[in-house]
Structures are given as structure tokens and as C-alpha cells.
Amino acid sequence: QMGIKHKRNEPSGKTFIIVSGLPRSGTSLMMQMLEAGGLSANTDRARVPDEDNPNGYYEWESIKQIAKMPELLDAPGVDSRATKVVSALLRLLPGQHQYKVIFMLRDCDEIAASQAKMIERLGTGSRSSTTASISEQLENHRKNVLEGIKHQKNFQLLPVEFSDIFNQPEEAISSIVSFLGVDL
């Protein structure tokens, strides 16, 4: 007989550590911190380090297919490693699992400026939108994502301010360790 298959609504008993947030909000930095603390990362290293993220992006390309392939999370060991999931995909994570989500918060004007700088450096995109309108769109998206998570019984959420990592590192790290319940 094949391995145990869980029905979509039947609890799997697995809890996944997720790092999320808007692009350029510090998700790669958080993944680096967790890895430095001894937690392995689900990453394929397909996106190589560059000027914008010199220590790497810590992405797992396959997670982008989670809506079509929920069985990705059933692979051995996936639940013992931290996984970076872009904010727009959080709502697509399979409902039978539990999720501890570290959600990076960064000032949306800073994010928009960082994204604009990255786009300019890469030579992609156009300057059709102002940084202010992008910032407002980012703020609305983040608000919607966080509201959605709050109503999911299988999600636990720890918002972490990007600036706190630099201004209050001991407190930030302490809250992360406490939230995850793992020895880092």
C-alpha cells in the first residue's frame, strides 16, 4: 500500500514555518537569521545572489505551484525547514496543515523605493507608476493579506518590523524564538 494520503480537510498534524511579507520587506534577511540560528531553509538556490540580495534570496521555486500541487508540502522534511512564501500565495497554502507565519513588516514607502531601485538596476519595467501610488497599493495588499490570515484557524501570525531587527535585535529574536517554540 502507498503512503498515507490526507484528505484536504482532514488535519495532517504537520506545522510549517513560513516567512512571508511584501517583496523587499526583509524576508530573505529573516531566512538568513533563521538559518544562522540552526533552522534549515527550503531553498533551491535557483535565484542566485546579486547586488540587491548579496546573501541570496532563499526562494523555493516549486512553492509557486502550491495551488496546483499541494502535495509539495508532503515531501519528507519540508515541515522541518523554514519556507519563504510570497504574501500573495499565503491564502493558497493547503488547509489541512498548521502554519506559523513570520510576516515581515516594512514601511511601504521604503519598500516602493527599494523595488524602484531594483527595477531600475535590472532595467525592467517602466516608470508609469509613482512611488506614492505603488506604496498605497502595497499597503492595501498587505492589509488584505493580514486580515485574511487572522481569520484562518490554521495560521498563527507573528508580525516582525524590519526596523526592529536592527534597532531592537534582542527583543525581535526573542519574540521569534518564543513564537516558533524551537531552540535556535
Side-chain angles (χ1 to χ4, degrees), residues 16-35 39 41-67 73 81-94 99-152 154-169 171-173 175-176 179-180:
F16 293 86
I17 295 172
I18 305 295
V19 173
S20 191
L22 299 172
R24 310 300 303 156
S25 66
T27 54
S28 298
L29 174 62
M30 180 55 63
M31 291 293 286
Q32 289 171 44
M33 289 172 62
L34 293 175
E35 192 174 63
L39 193 63
N42 276 321
T43 178
D44 50 26
R45 309 241 185 249
R47 191 169 178 193
V48 296
D50 59 22
E51 197 175 330
D52 297 302
N53 271 21
N55 293 313
Y57 285 87
Y58 287 83
E59 292 179 356
W60 182 33
E61 193 65 30
S62 299
I63 199 70
K64 294 175 183 173
Q65 303 301 316
I66 196 65
L73 296 182
R81 298 186 293 264
T83 303
K84 183 172 157 180
V85 177
V86 296
S87 56
L89 293 180
L90 286 175
R91 63 183 180 78
L92 302 176
L93 291 171
Y99 303 97
K100 289 190 175 193
V101 180
I102 298 171
F103 197 94
M104 297 302 297
L105 300 174
R106 185 177 183 188
D107 179 88
C108 284
D109 290 339
E110 286 180 25
I111 292 173
S114 180
Q115 287 180 358
K117 190 174 172 183
M118 187 176 179
I119 288 167
E120 192 175 313
R121 190 172 13 261
L122 295 172
T124 59
S126 65
R127 293 185 166 269
S128 60
S129 298
T130 66
T131 303
S133 72
I134 291 169
S135 178
E136 188 178 331
Q137 291 167 18
L138 292 169
E139 189 74 51
N140 289 334
H141 168 74
R142 180 170 65 197
K143 191 173 119 203
N144 291 336
V145 168
L146 290 172
E147 274 303 310
I149 291 175
K150 286 178 188 169
H151 300 294
Q152 299 290 331
N154 60 329
F155 279 80
Q156 292 177 51
L157 177 66
L158 178 69
V160 175
E161 289 284 349
F162 178 77
S163 60
D164 287 352
I165 292 171
F166 302 100
N167 300 330
Q168 305 169 2
E171 292 93 335
I173 291 167
S175 69
I176 293 162
F179 174 70
L180 295 179

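- Scanning all heavy atoms of the two residues, the minimum distance from D44 to S62 falls at OD2-N, 4.3 Å.
- Between the side chains of Y99 and Q152, no donor-acceptor pair of N or O atoms lies under 3.5 Å.
- Atom CG of N42 is separated from atom CE of M31 by 7.0 Å, given to the nearest 0.5 angstrom.
- Across every non-hydrogen atom of S20 and V85, the tightest pair is OG-O, 2.6 Å.
- The two residues L89 and I63 make their nearest non-hydrogen contact at CD1-O, 3.9 Å.
- Between S25 and I111, the closest heavy-atom pair is CB-CD1, 3.9 Å.
- Using a 4.5 Å cut-off on side-chain heavy atoms (C-beta onward), P23 and V86 make no contact.
- For the side-chain contact (heavy atoms from CB on, under 4.5 Å) test with M30, the passing option among E35, K84, M104 is M104; the others fail.
- Side-chain atoms of L146 and P159, non-hydrogen and from C-beta on, never get closer than 4.5 Å to each other.
- Annotation: the span from Q168 atom CD to S175 atom OG amounts to 9.5 Å, rounded to 0.5 Å.
- Residues F103 and L157 approach most closely at CB-CD1, 3.6 Å, considering heavy atoms.
- Rounding to the nearest 0.5 Å gives a distance of 12.5 Å between CD1 of I18 and CD of Q156.
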Would E139 and E136 count as a side-chain contact (heavy atoms from CB on, under 4.5 Å) if you check the C-alpha gap in whole Å, the side-chain angles of each, and the deciding distance to 0.1 Å? CA-CA 5 Å; E139 189 74 51; E136 188 178 331; 5.6 Å; no

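- The backbone N or O of W60 lies less than 3.5 Å from no partner atom in the side chain of T43, so there is not a single donor-acceptor pair.
- A search for salt bridge (charged side-chain N to carboxylate O under 4.0 Å, His left out) contacts involving E110 returns R106, not counting sequence neighbours.
- To the nearest 0.5 angstrom, I165 atom CD1 is 12.5 Å from E171 atom CD.
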Take L22 and H141, measure what side-chain contact (heavy atoms from CB on, under 4.5 Å) needs, and give me the verdict at the end. CA-CA 9 Å; L22 299 172; H141 168 74; 3.1 Å; yes

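- Residues L73 and I66 form a side-chain contact, since some pair of their non-hydrogen atoms from C-beta on lies under 4.5 Å apart.
- To the nearest 0.5 Å, atom CG of residue D107 and atom CZ of residue F162 are 11.0 Å apart.
- Put simply, the side chain of M33 reaches to within 4.5 Å of the side chain of I173, judged on heavy atoms.
- By the 4.5 Å heavy-atom criterion applied to side chains, L180 and L34 are counted as neighbours.
- A side-chain contact (heavy atoms from CB on, under 4.5 Å) with F179 holds for exactly one of I17, V101, L158; it is L158.
- Scanning all heavy atoms of the two residues, the minimum distance from I149 to F155 falls at CG2-CB, 3.7 Å.
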